[in-house]
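Both backbone and side-chain heavy atoms feed into the values below; hydrogens, waters and symmetry mates do not. Being a predicted model, the structure only gives us computed values, none of them experimental.
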Amino acid sequence: MRHSVVYSNPLQRVKASVKLRGLQNCKLQNKSVNGTLQSTITRDYNSFSLSQAVRMSTPARKRLMRDFRRLQQDPPAGISGAPQDNNIMLWNAVIFGPDDTPWDGGTFKLTLQFTEDYPNKPPTVRFVSQMFHPNIYADGSICLDILQNQWSPIYDVAAILTSIQSLLCDPNPNSPANSEAARMFSENKREYNRRVREIVEQSWTAD
């Protein structure tokens with residue numbers, strides 16, 4: 001049975017507390033996408049023309065267009081995302097590892113699959129990059145309350161990605177998706193950090 005990380009204050013937790021904690025404890029800083037990652041995000045952005053909004057009559061698609069505009073105009077530190085090709089229901093995203101943590105320097109790719117029920121129901125979010133984290137399953141799915149039983153329509157793509165980024169350096173080993181990582185995080189932090197650094201290095205060369 002899958003468990004989820006439970007946080008107390010939904011909107012403020014993601015948009016204020018999570019962001020503040022990330023900046024203070026994880027020392028997140030703005031970073032730019034480079035190399036292959038930059039070309040991927042740029043290609044997605046260029047191929048998805050804002051003029052397509054005319055054809056987006058459903059509430060879900062209109063909301064995703066608004067999320068997309070926000071990410072382009074005012075992106076939170078250390079995250080990037082855009083619709084894949086011409087499909088606004090499927091997004092590619094990149095999360096940078098928070099500075100001054102074992103995740104520092106990592107570039108981790110994700111996908112977000114939306115349905116027409118969005119924003120009433122959360123997207124399916126998975127890491128494409130290999131991960132080693134107490135709250136991330138082997139298939140890349142994420143054990144996080146706002147993606148499950150604590151979802152609210154007030155969350156947008158920026159809030160989702162910011163919350164996941166914060167989770168990297170603030171896991172909940174008491175609600176494990178990866179029992180080995182959770183045990184190592186609690187009992188042998190040095191070895192856990194070493195494994196995380198291996199994942200970071202792998203992210204540099206992953207396709």
Side-chain angles (χ1 to χ4, degrees), residues 1-19 22 33 37-96 107-129 131 135-137 139-168 175 177:
M1 177 178 180
R2 295 188 175 187
H3 304 283
S4 59
V5 179
V6 177
Y7 294 123
S8 56
N9 298 316
L11 178 60
Q12 295 173 343
R13 178 69 179 87
V14 174
K15 293 195 173 182
S17 178
V18 166
K19 189 172 184 180
V33 184
L37 295 178
Q38 181 177 5
S39 64
T40 299
I41 297 299
T42 301
R43 183 177 66 249
D44 292 337
Y45 174 79
N46 290 337
S47 64
F48 192 85
S49 170
L50 292 178
S51 65
Q52 294 181 36
V54 176
R55 301 197 299 272
M56 294 179 183
S57 59
T58 69
R61 294 168 187 267
K62 290 179 179 178
R63 170 60 182 272
L64 285 168
M65 178 57 70
R66 189 171 71 187
D67 290 1
F68 180 52
R69 288 197 186 98
R70 183 193 170 198
L71 268 178
Q72 294 300 319
Q73 295 170 1
D74 185 25
I79 68 172
S80 182
Q84 188 177 97
D85 298 325
N86 293 319
N87 183 5
I88 200 170
M89 307 302 284
L90 180 61
W91 289 47
N92 290 327
V94 174
I95 290 178
F96 293 97
T107 51
F108 307 107
K109 300 178 184 179
L110 308 89
T111 60
L112 298 87
Q113 177 69 66
F114 298 88
T115 70
E116 293 292 349
D117 293 320
Y118 181 77
N120 294 318
K121 292 185 180 180
T124 299
V125 185
R126 294 181 186 275
F127 276 97
V128 177
S129 301
M131 303 296 287
N135 306 119
I136 301 174
Y137 289 93
D139 65 357
S141 58
I142 303 161
C143 189
L144 184 63
D145 64 334
I146 69 163
L147 296 177
Q148 299 172 22
N149 60 330
Q150 295 298 314
W151 173 257
S152 170
I154 59 178
Y155 297 130
D156 61 7
V157 173
I160 293 169
L161 295 177
T162 300
S163 185
I164 295 171
Q165 184 187 52
S166 181
L167 182 68
L168 289 181
S175 181

Check whether any side-chain heavy atom of [X] sits under 4.5 Å from a side-chain heavy atom of [Y], and report yes or no.
X	Y	answer
N92	T111	yes
F68	P83	yes
W91	L71	yes
D156	Y118	yes

Determine whether a donor-acceptor pair (N or O, by modelled atom type, separation under 3.5 Å) exists between the side chain of [X] and the backbone of [Y].
X	Y	answer
Q113	P123	no
W151	P119	yes
E116	T58	no
N135	L144	no
D85	N87	no
R63	P153	yes

> Roughly how far, to the nearest 0.5 Å, is the CZ atom of R126 from the OH atom of Y137?
Replying inline: 11.0 Å

> Can you tell me how far the CG atom of D67 sits from the OH atom of Y155, to the nearest 0.5 Å?
Replying inline: 14.0 Å

Nearest heavy-atom neighbours spanning [X] and [Y]:
X	Y	answer
G78	Q165	O-NE2, 3.1 Å
L64	I88	CD1-O, 3.5 Å
Q72	G81	NE2-O, 3.8 Å
T107	S129	O-OG, 4.0 Å
L167	I142	CD2-CG2, 3.9 Å
F96	I79	CD1-N, 4.3 Å

